[in-house]
Protein chains: 2
Amino acid sequence: MARRTKQEADETREALLDAAEQVFLDRGVARASLDEVARVAGCTRGAVHWHFRDKLGLFLALDERLVLLQDEVKDRLCIEEDGSLQSMACAITAAMKDFEENPRRRRLLTIMLQRCEYVAEMAPALQRRRQADTEIRETLRRRFQEVAERGDLSPAWPPERAALFLYALISGLLHEWLRGEADFTLSGEVSDAIRSFLDCVAARPVSGGEK
Amino acid sequence: MARRTKQEADETREALLDAAEQVFLDRGVARASLDEVARVAGCTRGAVHWHFRDKLGLFLALDERLVLLQDEVKDRLCIEEDGSLQSMACAITAAMKDFEENPRRRRLLTIMLQRCEYVAEMAPALQRRRQADTEIRETLRRRFQEVAERGDLSPAWPPERAALFLYALISGLLHEWLRGEADFTLSGEVSDAIRSFLDCVAARPVSGGEK
DNA sequence: CTTTATATACATACTTGAAGGTATCTTTAC
DNA sequence: GTAAAGATACCTTCAAGTATGTATATAAAG
């Protein structure tokens with residue numbers, strides 16, 4: 001086919017990414033074929049190889065989409081923060097709600113966590129994931145640090161431990177939830193549980209006892 | 001080659017499973033070839049297809065190995081249990097230590113969690129994993145139930161929530177630890193953190209304040 | 001106790017098919 | 001006119017499946 005206008009080309013690129021999202025999700029990255037991605041996007045492999053170097057390139061571009069979404073959350077966690085555990089709980093609840101309401105986000109995370117094997121030529125993707133995770137943990141640690149400096153953190157919970165703990169907790173719950181038939185909701189039970197946890201690590205109760 | 005004695009054949013089967021463990025671990029299940037598995041085991045693909053129907057069959061046999069190990073832990077969690085949070089903490093600490101000391105266990109879990117894509121023909125494997133996880137959660141729930149009946153569980157933590165929480169926590173920490181360069185140890189920081197958590201959910205302190 | 005038949009435990013070879021990479025062709029925007 | 005934006009076609013690789021070869025363990029028959 002012929003040369004398209006620049007806007008049309010960008011649309012093609014987005015269509016390819018959308019298609020990759022879908023195909024990777026139900027075939028897994030390794031078993032997904034570029035041909036199917038192209039057909040779902042309404043074009044051919046020629047277009048794929050024009051916009052992306054190879055399958056890894058396509059995958060990394062998809063990962064970039066998720067990184068952008070994660071950065072949004074991270075920023076919100078920083079901005080809305082006033083140094084209280086209360087505000088941390090709010091920010092995390094908001095993030096959970098976002099996962100439920102933004103299907104793209106859910107699909108992308110499912111792909112990165114459960115639809116690919118980080119091995120061999122996928123190594124650069126692994127690095128990216130690791131870095132993103134490290135940044136989140138570090139952000140959490142800084143928040144807990146601030147809480148501690150206010151004297152609102154129980155001495156049994158140094159900021160590092162609290163951050164690792166909360167990160168692992170959220171990560172574990174997300175894993176379980178992403179598998180599909182979870183018997184809980186992120187904005188419901190999970191947010192409640194996290195509030196309960198934040199109550200635990202508080203030097204003094206934050207949510208007024210039984211709220 | 002010729003027919004081997006039954007014992008030799010069993011040894012071959014074990015060698016193939018060991019080889020699969022290694023090859024799956026560093027190539028990922030999807031990219032691993034049965035030919036390489038066979039060569040690592042010191043035989044050919046003929047042997048693989050004799051002992052296992054296909055790659056999925058080989059994978060399921062590997063999974064069975066892990067299920068057996070997990071059942072051991074589950075049984076220990078039931079046997080050593082006297083209904084106190086203290087004994088739960090001990091059982092979990094023992095399980096963590098086991099992960100550190102039993103390399104096969106670590107490799108198997110890494111494969112099941114991070115080296116395969118549960119999709120399409122891998123569906124039966126996914127079911128097996130889900131069932132194993134459900135059993136663990138259910139076991140934890142029953143333990144918490146017993147603790148609650150003794151009046152030792154904080155009313156803020158119904159057994160279901162506590163079980164889901166602890167399961168997610170351990171799962172998240174294991175995921176992180178399995179990725180390789182974790183900045184913590186299972187028998188050290190993780191066990192400590194879990195004890196801290198169990199202190200949180202206790203109706204009254206269990207480890208004597210600052211132990 | 002020997003012989004014989006048969007199933008066992010693989011090895012080897014052949015076929016098939018899917019997928020990725022690359023090269024070339026075709027329009028058309030700029 | 002030239003380079004962008006793909007389509008089409010070709011080639012190669014690689015792995016799974018299958019079929020068949022083959023020597024021997026083993027159990028049954030004599």
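Labels below follow one simple rule: chain letters A, B, ... track the order of the sequence lines, proteins then strands, and each chain is numbered from 1. Side chains are part of it too, since the values below use all heavy atoms of this structure and drop only hydrogens, waters and symmetry mates. What you see is a predicted model; the values in this text were computed from it and never measured.
- Ion pair B:R13/B:D10 not flagged as a salt bridge, since none of the NZ, NE, NH1 or NH2 atoms sits closer than 4.0 Å to an Asp/Glu carboxylate oxygen.
- Between the CG atom of B:L58 and the C1' atom of D:dA15 there is a distance of 15 Å, given to the nearest Å.
- One can place NZ of A:K6 at 11 Å from C1' of C:dC30, the figure rounded to the nearest angstrom.
- When rounded to the nearest whole Å, the span between CZ of B:R4 and C1' of C:dA11 equals 11 Å.
- Atom CD in A:Q7 sits about 16 Å away from atom C1' in C:dT28, given to the nearest Å.
- Under 4.0 angstrom from either OP1 or OP2 of C:dC10 there lies at least one side-chain N or O belonging to B:T12.
- Using a 4.0 Å heavy-atom cutoff across all strands shown, A:T5 reaches sugar-phosphate atoms only and no base atom.
- In this pair, A:Y118 and A:F59 present their aromatic rings perpendicular. The plane angle is above 60°, beyond the 30 to 60° band.
- If you measure from atom CG of B:L56 to atom P of D:dA16, you get 13 Å, rounded to the nearest angstrom.
- Under a cut-off of 6.0 angstrom, the local environment of CZ in A:R76 is crowded, with over 12 non-hydrogen atoms contributed by other residues, nucleotides or ligands.
- Using bins of under 30°, 30° to 60° and over 60° for the plane-to-plane angle, the ring pair B:F165/B:W157 lands in the perpendicular bin.
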*B/S/- contact track for nucleotides 16-21 of chain C, protein heavy atom under 4.0 Å*: ---SBB
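- For A:H51, a side-chain nitrogen or oxygen approaches OP1 or OP2 of D:dG6 to under 4.0 Å.
- For CZ of B:R137, the number of neighbouring non-hydrogen atoms (other residues, nucleotides, ligands) closer than 6.0 Å is greater than 12.
- The number of heavy atoms from other shown groups lying within 6.0 Å of CZ (A:R179) is above 12.
- Of the two residues contacting DNA chain D, namely A:W50 and A:C43, the nearest-nucleotide position lying further toward the 5' end is that of A:W50.
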